[in-house]
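Have a look at the structure below before the remarks.
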Amino acid sequence: RAENERIHRGMRHLFEYARRRGLEVYHMLTPMHANPGLLPDDPKYTATGYYGRTSVCWSQPEARELARNMARQEMEYYGPVDGYIVWFYDPGGCFCPDCRKNQGGNLFEQLMLVVELAKSISPDAQFEACLWPTWCFDEPLWGINFPREDVKAFVREFLDRALDRFGPR
């Protein structure tokens, strides 16, 4: 859409300007916040949860491939950056039965997708993963209904995998 294109051109201009000024530039993206309308018309490709209508279900290989392609295009469009902030929820997140039981693994896969893509776009990039708003997943407002202990378990799984892969700072 024309409005979206105008916004992205403006953001790209700001990234370029910041780099020229010597500022560090970080690009925040949500890998699974991809347009499920680009996939076959089947509800299995659309995420469940608060932002389901604008996100893909990570358990579906076709959806993961779409997310990968969209993330690559976005990362290439904005060009090299100093770092990436990988944001998993709000927007994003799928809580279908398959994704629900593998939240920690799915989050780590999304982080690694950005790490892999960055090798050819921003080889010296730093990475930050944001687990917000997992603290509220057990509250009725969001309709996710994750017991607090399950949230702690998948956050712990993600953090353990990230520590194994990247080590301590």
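Along the sequence shown, residues carry numbers from 1. A quick note: this is a predicted structure, and the numbers were derived from the prediction, not measured. These numbers come from the heavy atoms of this one structure, side chains and all, not from hydrogens, waters or symmetry mates.
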Residues at least two apart in sequence or cross-chain that pass side-chain hydrogen bond (donor to acceptor under 3.5 Å, both in side chains) with Q73, listed by chain then number, are none
> Distance-only, no hydrogens or angles: does the T30 side chain make a donor-acceptor pair with backbone N or O of W87 under 3.5 Å?
Replying inline: yes
Has T46 got a side-chain atom pairing as donor or acceptor with P36's backbone, closer than 3.5 angstrom? no
| said: Evaluate L39 against V56 for side chain to side chain contact (heavy atoms under 4.5 Å, CB included), listing each step before the verdict. | reply: CA-CA 9 Å; L39 293 165; V56 296; 4.2 Å; yes
* Heavy-atom distance under 4.5 Å between the side chains of C94 and S59, does that happen here? -> no
- Do L117 and V114 have side chains that get closer than 4.5 Å, going by heavy atoms? no
Hydrophobic clustering (ILVMFWY, side-chain heavy atoms < 4.5 Å, transitive) - are F166 and L113 grouped together? yes
Sorted by chain and residue number, the side-chain contact (heavy atoms from CB on, under 4.5 Å) partners of K101 (sequence neighbours excluded) come out as D98
The reported gap from OH in Y77 to CZ in F15 (rounded to nearest 0.5 angstrom) is 11.0 Å
Residues passing the salt bridge (charged side-chain N to carboxylate O under 4.0 Å, His left out) test with R156, sequence neighbours excluded, are none
With a cut-off of 6.0 Å (strictly less than), are more than 12 heavy atoms of other residues, nucleotides or ligands near CG of N4?
yes
Residues passing the ring-ring contact (aromatic ring centres under 6.0 Å, His included) test with F154, sequence neighbours excluded, are F146
In short, salt bridge (charged side-chain N to carboxylate O under 4.0 Å, His left out) pairs touching residues 7-24 with sequence neighbours left out are E5-R9
Sequence neighbours excluded, the answer for ring-ring contact (aromatic ring centres under 6.0 Å, His included) partners of F108 is none
So do the side chains of L14 and V25 get within less than 4.5 Å of each other, counting heavy atoms only?
no
Sorted by chain and residue number, the side-chain contact (heavy atoms from CB on, under 4.5 Å) partners of E157 (sequence neighbours excluded) come out as N102, R161
What one should report as the nearest heavy-atom pair of M32 and G93 is SD-N, 3.4 Å
Sorted by chain and number, sequence neighbours left out, side-chain contact (heavy atoms from CB on, under 4.5 Å) with S122 holds for P80, V81, Y84, A125
**Request:** Inspect the surroundings of OH in Y17 and state if more than 12 heavy atoms from other residues, nucleotides or ligands are less than 6.0 Å away.
**Result:** no
Residues at least two apart in sequence or cross-chain that pass salt bridge (charged side-chain N to carboxylate O under 4.0 Å, His left out) with K44, listed by chain then number, are none
Side-chain heavy atoms of Q103 within contact of Y89, under 4.5 Å: yes
According to a hydrophobic-cluster definition based on side-chain heavy atoms being under 4.5 Å apart (Ile, Leu, Val, Met, Phe, Trp, Tyr only), do L29 and M11 belong together?
yes
Taken in chain and number order and not counting sequence neighbours, the residues that satisfy side-chain hydrogen bond (donor to acceptor under 3.5 Å, both in side chains) with Q110 are none
So salt bridge (charged side-chain N to carboxylate O under 4.0 Å, His left out) across residues 57-79, not counting sequence neighbours, yields R68-E116, R72-E76
After noting the C-alpha distance and the side-chain angles of M70 and L38, does the key distance pass the side chain to side chain contact (heavy atoms under 4.5 Å, CB included) rule? CA-CA 11 Å; M70 289 183 77; L38 298 173; 4.3 Å; yes
In short, A63 meets C57 closest at the heavy-atom pair CB-O, 3.2 Å
| Hey, mind stepping through T134 and F158 against side chain to side chain contact (heavy atoms under 4.5 Å, CB included) and telling me if it holds? | CA-CA 12 Å; T134 55; F158 172 82; over 6 Å; no
Could you tell me whether the side chain of H8 reaches within less than 4.5 Å of the side chain of Y78, counting heavy atoms only?
yes
Notebook entry, point to check: Under a 4.5 Å cut-off applied to non-hydrogen side-chain atoms, are D82 and Q126 in contact?
Noted result: no
L66 versus Y45: any side-chain heavy-atom pair under 4.5 Å?
-> no
Taken to the nearest 0.5 Å, the spacing of L111 CG from R165 CZ works out to 8.5 Å
Decide yes or no on side chain to side chain contact (heavy atoms under 4.5 Å, CB included) for E128 and V86, but give the supporting numbers first.
CA-CA 6 Å; E128 179 179 318; V86 184; over 6 Å; no
Does H33 use its side chain to pair, donor to acceptor, with the backbone of T54 at less than 3.5 Å?
yes
Residue set satisfying side-chain contact (heavy atoms from CB on, under 4.5 Å) with P97, at least two apart, ordered chain then number -> none
